[in-house]
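Structure, as structure tokens:
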There are 2 protein chains.
Amino acid sequence: MIKDFIDEESGEKVKHAVMNAITIDCVIFGFEGGKLEVLLVQHGQGISKGEWGLPGGWIKKTESIDSAAHRLLQELTDIDDVYLEQLKAFGRPDRYPLDRVITIGYYALVKKEDYNVKAGFTASDARWYKINELPDLIYDHGEIFKFSLKQLRQKVRQAPVGFNLLPEKFTLLQLMQLYEEILNVELDKPNFRRKFLKMKLLKGLDEKQKGVSHRAAKLYKFDPEIYKKLTEKGFNFEF
Amino acid sequence: MIKDFIDEESGEKVKHAVMNAITIDCVIFGFEGGKLEVLLVQHGQGISKGEWGLPGGWIKKTESIDSAAHRLLQELTDIDDVYLEQLKAFGRPDRYPLDRVITIGYYALVKKEDYNVKAGFTASDARWYKINELPDLIYDHGEIFKFSLKQLRQKVRQAPVGFNLLPEKFTLLQLMQLYEEILNVELDKPNFRRKFLKMKLLKGLDEKQKGVSHRAAKLYKFDPEIYKKLTEKGFNFEF
DNA sequence: CTACTTATAGTTTATTTGACAACAAGTTTA
DNA sequence: TAAACTTGTTGTCAAATAAACTATAAGTAG
């Protein structure tokens with residue numbers, strides 16, 4: 001099967017052979033105003049015109065699945081350095097009404113502030129939805145989203161991936177609210193603080209929050225290097 | 001693409017349309033003599049003749065991926081009620097030398113005693129290997145195995161799935177050794193016992209181990225019904 | 001200067017974990 | 001038949017962790 005693509009450098013239309021009957025769909029998570037959000041696209045053509053679904057695409061014959069997912073993300077959001085991980089393959093025979101298509105689900109964690117969504121040429125519109133205000137999704141995308149949330153909840157407790165949703169510099173309260181939102185729990189501020197600082201993953205900055213009408217909190221930064229060194233020493237992140 | 005299958009009831013050869021360029025490969029775990037094992041098959045034909053790999057197969061156009069994995073397991077081992085879970089899709093462009101093929105990995109946990117391996121018509125031979133004595137595996141099957149082990153380690157700590165590797169009736173020591181082997185740690189007998197019994201997942205039987213040359217241990221049984229009820233009440237298995 | 005809000009530090013109690021001793025119930029050996 | 005041995009099972013205790021809550025600090029707004 002041959003599909004149209006936009007060449008990165010020239011911007012021109014080019015054709016590539018893609019895998020048959022296999023697609024990619026990606027749950028893109030963002031975090032803003034204390035709420036977890038997902039980027040959805042509105043289909044501009046085909047049988048599901050006007051309906052919302054996860055951004056997706058084809059896999060070129062010559063690229064790995066992971067590369068395809070990265071490319072998809074870049075085409076849609078201009079984002080380059082995001083946290084991206086495969087969920088699994090979804091393949092109920094009737095998941096796509098017109099044909100037998102298996103899709104490979106991914107989820108991404110992005111820093112919302114850093115990037116602008118650009119509607120790709122396969123989507124007439126794209127926007128962020130709070131995860132508890134999602135519209136009905138096409139095909140089995142609801143199922144994929146549900147699975148991704150489960151996966152995210154698990155992952156966030158076993159690896160320091162939450163930072164991918166926050167700005168470079170953040171306060172401990174922001175971090176805590178992120179955990180509260182993802183895990184759907186209430187946490188105790190002093191205890192959370194202690195627990196996290198004890199791991200020594202965060203680099204405290206000589207800088208404070210700005211523009212708040214109360215005592216400004218200290219800003220912190222997650223340092224992947226420190227984490228790497230700690231894991232090499234046998235440290236195991238756990239929340 | 002059309003492939004040959006053996007009809008379950010008649011035993012005759014039948015033809016089915018299968019998905020193109022997508023396969024399934026399954027890591028089948030067993031447990032015996034305190035050791036974790038994996039069932040491998042030796043390829044009887046094709047470019048990898050004589051080499052060992054994970055059992056795999058095609059996905060019929062009309063069946064779900066999960067069904068295909070179940071069918072594969074049944075064809076190979078006559079096993080029906082096994083624990084089976086998808087890992088993820090593996091799709092490096094060069095993973096299969098002759099063509100671009102994406103494979104969907106699964107892992108299964110089986111009670112070794114209950115079933116006999118029968119060499120399927122796609123494998124000239126099949127046998128169990130201890131996980132630290134595996135031969136080199138074809139294609140990316142080594143990678144798939146490694147991933148499955150990681151997944152199993154994680155899963156076994158978050159859900160009571162280990163029982164799928166043990167006989168119906170087992171002693172607490174057997175269970176502990178299973179955990180020790182999977183997680184690659186040493187555990188304290190009294191503490192393990194307490195921890196596990198406290199969860200009240202196990203039904204103690206009025207029966208004891210037989211044929212041992214020392215005090216016989218009490219036999220226990222895992223009761224999925226109890227587990228189900230507990231989870232409904234908000235219980236969360238954790239080890 | 002006072003009220004208010006959030007940050008941050010400290011305290012105290014309950015719970016869990018880990019290490020280990022002690023005893024019980026069988027088997028083997030002498 | 002008794003002692004030695006092996007593994008099962010129960011009990012104890014100190015240390016570490018987690019949870020709940022109090023107190024104080026630092027800033028803003030009126």
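Just so it is clear, the model here is predicted, and its values are computed rather than measured. Per chain, numbering begins at 1; letters A, B, ... match sequence-line order.
- Between the CD atom of A:E238 and the P atom of D:dA16 there is a distance of 18 Å, given to the nearest Å.
- For B:K210 and C:dA25, the NZ to P distance is 20 Å, given to the nearest whole Å.
- Nearest heavy-atom pair across B:F90 and A:I65 is C-CD1, 3.9 Å.
- The distance between atom NZ of B:K195 and atom C1' of D:dG11, rounded to the nearest whole Å, is 19 Å.
- Following rounding to the nearest Å, B:E186 (CD) and C:dA19 (P) show an atom-to-atom distance of 11 Å.
- Taking atom CG of residue B:L187 and atom C1' of nucleotide C:dA19, one finds them 13 Å apart after rounding to whole Å.
- Applying the side-chain hydrogen bond (donor to acceptor under 3.5 Å, both in side chains) rule to pairs touching residues 224-233 of chain A yields nothing, sequence neighbours excluded.
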Quiz item: Could you run down nucleotides 4-12 of chain C 5' to 3' and tag each one B, S or - for protein heavy-atom contact under 4.0 Å?
Solution: -BBBSBBB-
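- Evaluation of the side-chain hydrogen bond (donor to acceptor under 3.5 Å, both in side chains) test over residues 169-179 of chain B, restricted to residues two or more places apart or in two chains, returns B:K169-B:E207.
- Of the options A:F163, A:F170, A:F237, a ring-ring contact (aromatic ring centres under 6.0 Å, His included) to A:F222 is made by A:F163 and by none of the others.
- The interatomic distance linking A:F192 (CZ) with D:dT17 (P) rounds to 18 Å, in whole Å.
- Contact check on A:R157 versus A:E238 returns no salt bridge, with no Lys/Arg side-chain nitrogen under 4.0 Å from an Asp/Glu carboxylate oxygen.
- For the pair A:R95 and A:E143, the salt-bridge criterion is not met [side-chain N within less than 4.0 Å of a carboxylate O].
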